[in-house]
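This is a predicted model, so every value here is computed, not measured.
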Amino acid sequence: MAETYRLTGDDSFVLWNRVISDLADGSVVNIVADNNIANSVVGKNGNIIIAKDEQGKKCTVELRVLKGSPDDQFIMQYYKTYEMDSALFIVGNGSFSKRLGDGFGNVVFDTRYLRAVHFTKAPYDAVQNVNGETDQAVTVYSFQAIVDRTVG
């Protein structure tokens with residue numbers, strides 16, 4: 001059996017047509033599916049009913065950027081618009097693309113396309129820690145979006 005390798009690097013995250021590059025430490029972008037894509041029940045005589053659930057396309061997106069950075073200020077402008085007058089809010093779009101090498105010089109992209117991006121939590125969490133906790137310099141944004149994935 002042949003070994004399989006996956007080399008990662010040069011990932012990109014785009015939001016409201018802007019490449020987000022002022023990223024914090026650790027996991028800076030997390031995309032998690034909120035729901036199942038289908039539900040099923042077993043009925044009489046073992047009959048199975050399977051129903052597609054469109055809620056399965058909805059994901060939670062968490063983004064960690066450097067507090068006060070140009071990207072933080074950019075995203076905060078969208079948040080403030082939503083907070084002041086949600087009817088004026090421009091629903092976002094974006095993408096997260098992971099660049100994957102196979103160890104033999106070939107590269108594929110694992111990309112999630114985000115649409116209907118909107119805020120789910122206020123980015124108001126703050127920390128003061130005299131022991132030097134690094135989260136003091138991080139803004140965490142929480143969004144929901146409809147996500148489609150392509151690989152290739």
Salt bridge (charged side-chain N to carboxylate O under 4.0 Å, His left out) contacts touching residues 21-42 (sequence neighbours left out):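 Applying salt bridge (charged side-chain N to carboxylate O under 4.0 Å, His left out) to every pair that reaches into residues 21-42, excluding sequence neighbours, yields Asp25-Arg64, Asp34-Lys58.
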Salt bridge (charged side-chain N to carboxylate O under 4.0 Å, His left out) pairs, two or more places apart, involving residues 120-130: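 For residues 120-130, and leaving out neighbouring residues, there are no salt bridge (charged side-chain N to carboxylate O under 4.0 Å, His left out) pairs at all.
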For the [atom1] atom of [X] and the [atom2] atom of [Y], what is their distance to the nearest 0.5 Å?
X      : Y      : atom1 : atom2 : result
Ile20  : Asp71  : CD1   : CG    : 4.0 Å
Asp102 : Thr4   : CG    : OG1   : 9.0 Å
Tyr141 : Thr120 : OH    : OG1   : 12.5 Å
Ser86  : His118 : OG    : NE2   : 11.5 Å
Phe13  : Arg112 : CZ    : CZ    : 12.0 Å

Close side-chain approach of Leu63 and Ile75, heavy atoms under 4.5 Å: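 In short, these two side chains touch, coming nearer than 4.5 Å.
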Minimum side-chain heavy-atom gap Val127-Gln136 below 4.5 Å: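 Yes, close enough: below the 4.5 Å cut-off.
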Shortest non-hydrogen contact between Gly68 and Gln73, atoms and distance: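 It is O-NE2, 2.8 Å.
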Nearest atoms (heavy-atom pairs only) where Ala122 meets Tyr79: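 Heavy atoms only, the tightest pair is CB-OH, 3.2 Å.
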Val65 backbone acceptor or donor facing Ser69 side chain under 3.5 Å: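 Here the side-chain-to-backbone pair does not exist.
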Donor-acceptor contact present, side-chain Lys67 to main-chain Ala137, <3.5 Å: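 No, because the side chain of Lys67 does not come within donor-acceptor range (under 3.5 Å) of the backbone of Ala137.
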For Asp11, all residues meeting side-chain contact (heavy atoms from CB on, under 4.5 Å), sequence neighbours excluded: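 Scan of Asp11 (side-chain contact (heavy atoms from CB on, under 4.5 Å), adjacent residues dropped) gives Phe96, Lys98.
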Ser95: side-chain contact (heavy atoms from CB on, under 4.5 Å) partners, not counting sequence neighbours: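 Checked Ser95 against side-chain contact (heavy atoms from CB on, under 4.5 Å); matches are Val14, Thr111, Tyr113.
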ring-ring contact (aromatic ring centres under 6.0 Å, His included) contacts touching [range] (sequence neighbours left out):
range          : answer
residues 29-66 : none
residues 22-60 : none
residues 39-75 : Phe74-Tyr78
residues 38-67 : none

Asp110 bridged to Arg149 by N-O distance under 4.0 Å: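 A salt bridge links Asp110 with Arg149.
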Intermediate values then yes/no, side-chain contact (heavy atoms from CB on, under 4.5 Å), Lys80 and Glu83: CA-CA 5 Å; Lys80 282 302 201 182; Glu83 188 177 59; 3.1 Å; yes
With sequence neighbours excluded, residues passing salt bridge (Lys or Arg N to Asp or Glu O under 4.0 Å) with Asp85: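 Listed in chain order: nothing, the list is empty.
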Partner residues of Arg115 under the salt bridge (Lys or Arg N to Asp or Glu O under 4.0 Å) criterion, sequence neighbours left out: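 With neighbours one apart ignored, the set is Asp148.
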Partner set under ring-ring contact (aromatic ring centres under 6.0 Å, His included) for Phe143, not counting sequence neighbours: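 With sequence neighbours excluded, Phe143 shows a ring-ring contact (aromatic ring centres under 6.0 Å, His included) to Phe119, given in chain and number order.
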Other residues, nucleotides, ligands: >12 heavy atoms within 6.0 Å of Ile146 CD1: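 More than 12 within 6.0 Å, yes.
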Stepwise side-chain contact (heavy atoms from CB on, under 4.5 Å) test for Leu114 and Asn93: CA-CA 5 Å; Leu114 289 67; Asn93 61 25; over 6 Å; no
Joint hydrophobic cluster, Trp16 plus Val19, side-chain heavy atoms closer than 4.5 Å: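 No, Trp16 does not connect to Val19 through the hydrophobic network.
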Linked, directly or transitively: Met84 and Ile90 (ILVMFWY side chains, under 4.5 Å):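 In one cluster with Met84: Ile90, no.
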Salt bridge (charged side-chain N to carboxylate O under 4.0 Å, His left out) assessment of Arg99 paired with Asp10: CA-CA 6 Å; Arg99 189 170 183 257; Asp10 295 328; 3.5 Å; yes
Residue among Asn30, Ile31, Asn35 satisfying side-chain contact (heavy atoms from CB on, under 4.5 Å) with Cys59: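 So the option named by the test is Ile31.
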List, one per line, each side-chain donor-acceptor pair under 3.5 Å for residues 36-50, sequence neighbours excluded.
unit_1, atom_1, unit_2, atom_2, d
Asn39, ND2, Asp53, OD2, 3.3
Asn47, ND2, Lys44, O, 3.1

Candidate pair Val140 and Asp135, rule side-chain contact (heavy atoms from CB on, under 4.5 Å), full reasoning: CA-CA 9 Å; Val140 178; Asp135 278 350; over 6 Å; no
